[in-house]
Structure formats: C-alpha cells, structure tokens
Amino acid sequence: MFKYGISGFESGHYMGESVYKPDNTFPQQIVERGGTTLLRCFQCGTCTGSCPSGRQTAFRIRKLIRWAQLGIADKVLASEDLWMCTTCYTCQERCPRGVEITDIVMTMRNLAVEAGYMQEAHVRIGGFLAKTGHLLPLKEPMMKARKSLGLDETPPTVLANKKNQELVLNIIKETGFTDLVKKGGK
Amino acid sequence: MDLAFFVGCIAPLRYPGIESATREVLERLGVSIRDLEGASCCPAPGVTRSFDVKTWVTMAARNIALAERQGQNIMTVCNGCFGSLFESAHLLGEDPALLRDVNDILEGLNMTVTPHGVEVRHFAEFLAKDVSDNTIKKSFKRKLDLDVAVHYGCHFLKPSKIKQLDDPERPTMVDKLVELTGARSLEYKDKQMCCGAGGGVRARHPDTALAMTKAKMDIIKEAGADCIVDVCPFCHLQYDKGQKALGKDYDIPVLHLAQLYGLAMDIDPKLLGFEAHDIPVKLKV
C-alpha cells in the first residue's frame, strides 16, 4: 500500500536525537479531499517563479507544497503563507506535473479553518455572509445611487426577498458555516 | 435559451453602474435577460471556498437550481461569480456523491440541481460567442479613440482545463471585443498578472494586495493606457480603490467592458454609474 509522508521518523527520534515528527495523515487528508496531484510535485519551482504574490513578498508556494507532502502539518496550518495566495491559478496552469496547486491551497485552508485558524478580517466578511447571504452590506447612499441609475433600490437578490434570505441562511447554518465563523479563530 | 442575470455582490452594492450598463447594453443588443430572483452571493471563492468547500458548493448549487427553475442559463458579469458557479457546476457534474449530498440539503428547500442542467455564462464570453461582431458593431453609435489596457482577471479563463474559453497565457477574446469599439488594445508586460485582490488577500493582507496592484499600475501607466477595461467588478474595485490608496498620480479610469460598450453605444454616462468610481472617468472619446 502507498505510504504517505516520510517514513523512519515515526518515533520522533533518529539515532538517539529528537527530531521533528511529521503527521503522515496530513498529505493523506489532502488526497482524500481531492488533492491527489499533491504527490506528483518534484519541486521544480515553476510555481514560485510564476507567483504574483511571491514576487512582492517572501511567500514561496513551492515550500508550502513540500511541507504538505512531508506532513509538516502544524507549520502549514498555522502558516500565514497559506493566506498569501490570491488563487490566480498561474502556478496550477504552468505546473509541468499537473499538480492542482491552487485547489490544494484551498483544501489546506479548509483544514486550517477546521483547526481553528481564521483571522479577524476573514471572520468579519464570513459574518456578513452568514447574516445576509451577501459578502457586502447594502448602505443608504448606495440605495440612492441605484435609484438614480434606474435600478431597484435593493438589488433583486435575497436582500429584496426575506423568505429566500431565510432559506439561504438556513443552508449556511446547516453546512456548519455559521458556527465556523462564530467560533472565530486564532 | 434566455439568460438569468446573476448580479452578485460587488456590482450591485459597490459599482451599480456595471449592473445598469449591462442591462442597457444587452437590451440594445436584443438579448433578453430576467433577474435571477432570490439569488445570494455566488459565494465568493476566496473567502468561502477557502473556509469551507461544502458551504461554497451548496450555495452555488442553490443559485444554479434557481436558474434551472426559471428555465434559463445563468449569466454573470463577474469573474468571481463565474468561477464559483462554473466550477461548482463542474464539480456537481463530475462527483455523484457530492451531488447527492448537495441535493439532500436543497431538498429541504424543494429544490434540486441537475448535472449540466443549465449553462453558466460570463457576459464577455457570451458576447464573443453568441452575438455576432456585426450585431455588436451595428449597435455602436460612435468610434472610441482610446488606448486600452485590457485586464482579463484570473477566474475568467482559469483553470483553463475546465473553462476552455481561450488561451490562459495569451488570450485574445476580450481584446477583440474591446477593439470592436474602435479602441486599441495595448500589449503590455505581465498582462495576465493578477490584480492582487483575490483569494481573501485584499481583506487579510491589504498591503500585499496593493503591492501587486502597484506592480500592474506602474506597467499600465508606462504602456500609455487611457483606461483599464476589466470583466470583473472585484478587479475593477481593486484597480479603482487601489489607485486612490496608492496615492500616486496614475489617474487611469477603470471601466467594466459593459461600461465601455455603453460609451460606444452613446448611452447617457449618468446611466453608466461613473459617479461611484474613485478615479474620475474623464475620457476624450
């Protein structure tokens, strides 16, 4: 059977020295959520070379993928790098091994959020969604601006239809998203 | 099949001119649309799919199911909405177990989503593929003498494996649509590079998002563009508000393709909603 992660370090010791103990279930979790291509990465760096975010910062997507392969779960999940990706898909388009990098980043973000990592700005935006079904609030000046353009003051969405809004908010509750946002994060 | 207009969040709530321009332009092109009544957020890929994929796909499936109920294909003017709706529809068509889970939830709302039941369309590719160049040109009342920096954005063409609309590295679809107005689409460095806003980066790391926007703006300024033309209200917002935040004298107006077409059709600029823009839209056209 295929073995995920690295072997030989399961005990957390190597030749009498204490070493980092990888979580071999981590790459497996990513694969189970659809990220099978994670295992194909051979660290060529095309992704990092293509990354618009990494061009401005120290974010290196190749490193994140390597950590994921090796099961360095705690570092990946707590990593701010995980949230530097704009999901532009350039790396995924160019990867010579067909690794679905951007999709894997989003899978790892799901795992991070489950582990309790969610930052304040994101909690706030998620809160709007859980409260209104939209990511942005409708404010008074915007209603006027809409009217002057010949549009309905309130857009023809759940904002204009309480019954539909309730149904959407129920979905958001049922999938656990409302609790996820309420819980916030570290 | 008629189109159900999915307005999304940023267009109706921040740049309503994109919504009104889309309605005006499509009417003049003889394309009939109906509002997708009761639609919610798509929901946005950056902060919804990133948090919880199940919420993302279920909310998207409900929006798609609303279009099915109306018997119409679903059309959006936003790359984020297009990404969420198109990719969710794709996943639901590929993964029977996911489809079952999602329909279990939708059943409580007396709704179901059918794999490949309706098509998810983007305003720009709809114009390029379903409306002839002649029809478009005939609707124009004047020729626009502009040098345009086209910004495709990321989720319009990518992931190209499933979108299959155009070459993701060297696309021509939107450039051609822009040039029908008489405007010239500029070649410029890093044209396909991200605006910086996506993936929740604008909210969580605004300075990093802005650094990416600055990189693009410096190039666009250098290329001598009169304006930026986008097909996504989120990129639109990032360029418009980003220029203001950067505090430099870029002064390059940002237009959605629908607004550019509105100018070419000589629609009253008041109906194109330029008042909502931070960078004044003053163009010698």
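Just so we're on the same page: letters track the sequence lines, and every chain starts at 1.
The interface of residues 45-56 of chain B with chain A, defined by heavy-atom distances below 4.5 Å, comprises Pro45(B), Gly46(B), Val47(B), Thr48(B), Arg49(B), Ser50(B), Phe51(B), Asp52(B), Val53(B), Lys54(B), Thr55(B).
For Leu82(A), no part lies near chain B; criterion is any non-hydrogen pair under 4.5 Å. Residue Leu151(A) touches chain B through its side chain alone, counting heavy-atom pairs closer than 4.5 Å. Proximity to chain A is limited to the side chain of Glu169(B), based on heavy atoms less than 4.5 angstrom apart. Looking at Leu106(B), the atoms closer than 4.5 Å to chain A (heavy atoms on both sides) all sit in the side chain, from C-beta outward. Heavy-atom distances place both the backbone and the side chain of Pro137(A) under 4.5 Å from chain B. Interface residue Leu129(A): only side-chain heavy atoms are found under 4.5 Å from chain B. Contacts between Met142(A) and chain B at a heavy-atom distance below 4.5 Å involve the side chain alone, from C-beta outward. Looking at Val158(A), the atoms closer than 4.5 Å to chain B (heavy atoms on both sides) sit in the backbone and in the side chain alike.
Classification of Lys161(B) and Glu93(A) as a salt-bridged pair fails, no side-chain N sitting under 4.0 Å from a carboxylate O. Salt-bridge annotation for Asp179(A) and Lys183(A): absent, with no side-chain N of the basic residue lying under 4.0 Å from a carboxylate O of the acidic one. With salt bridges taken as basic N to acidic carboxylate O contacts below 4.0 Å, one links Arg28(B) and Glu24(B).
Geometric assessment of Arg23(B) against the ring of Phe5(B) yields a negative cation-pi assignment under the 6.0 Å and 45° thresholds.
Looking only at heavy-atom pairs under 4.5 Å with chain B, the residue among Asn110(A), Thr175(A), Asn170(A) that has the most is Asn110(A). Your options are Leu167(A), Asn161(A), Leu135(A), Leu138(A), and the one with the most heavy-atom pairs under 4.5 Å with chain B is Leu135(A).
His122(B) contributes a side-chain N or O that, together with a main-chain N or O of Val231(B), makes up a donor-acceptor pair within less than 3.5 Å.
Applying the side-chain hydrogen bond (donor to acceptor under 3.5 Å, both in side chains) definition to pairs two or more places apart or across chains, those involving residues 75-88 of chain A are Glu80(A)-Arg204(B), Glu80(A)-His205(B), Thr87(A)-His155(B). Listed by first then second residue, pairs satisfying side-chain hydrogen bond (donor to acceptor under 3.5 Å, both in side chains) with a partner in residues 42-59 of chain A read Ser50(A)-Arg94(A), Arg55(A)-Asp190(B), not counting sequence neighbours.
The shortest distance between side-chain heavy atoms of Thr76(B) and Phe86(B) does not fall below 4.5 Å. Using a 4.5 Å cut-off on side-chain heavy atoms (C-beta onward), Pro159(B) and Thr102(A) make no contact.
Annotation: side chain to side chain contact (heavy atoms under 4.5 Å, CB included) contacts of Ala58(A) (sequence neighbours excluded): none.
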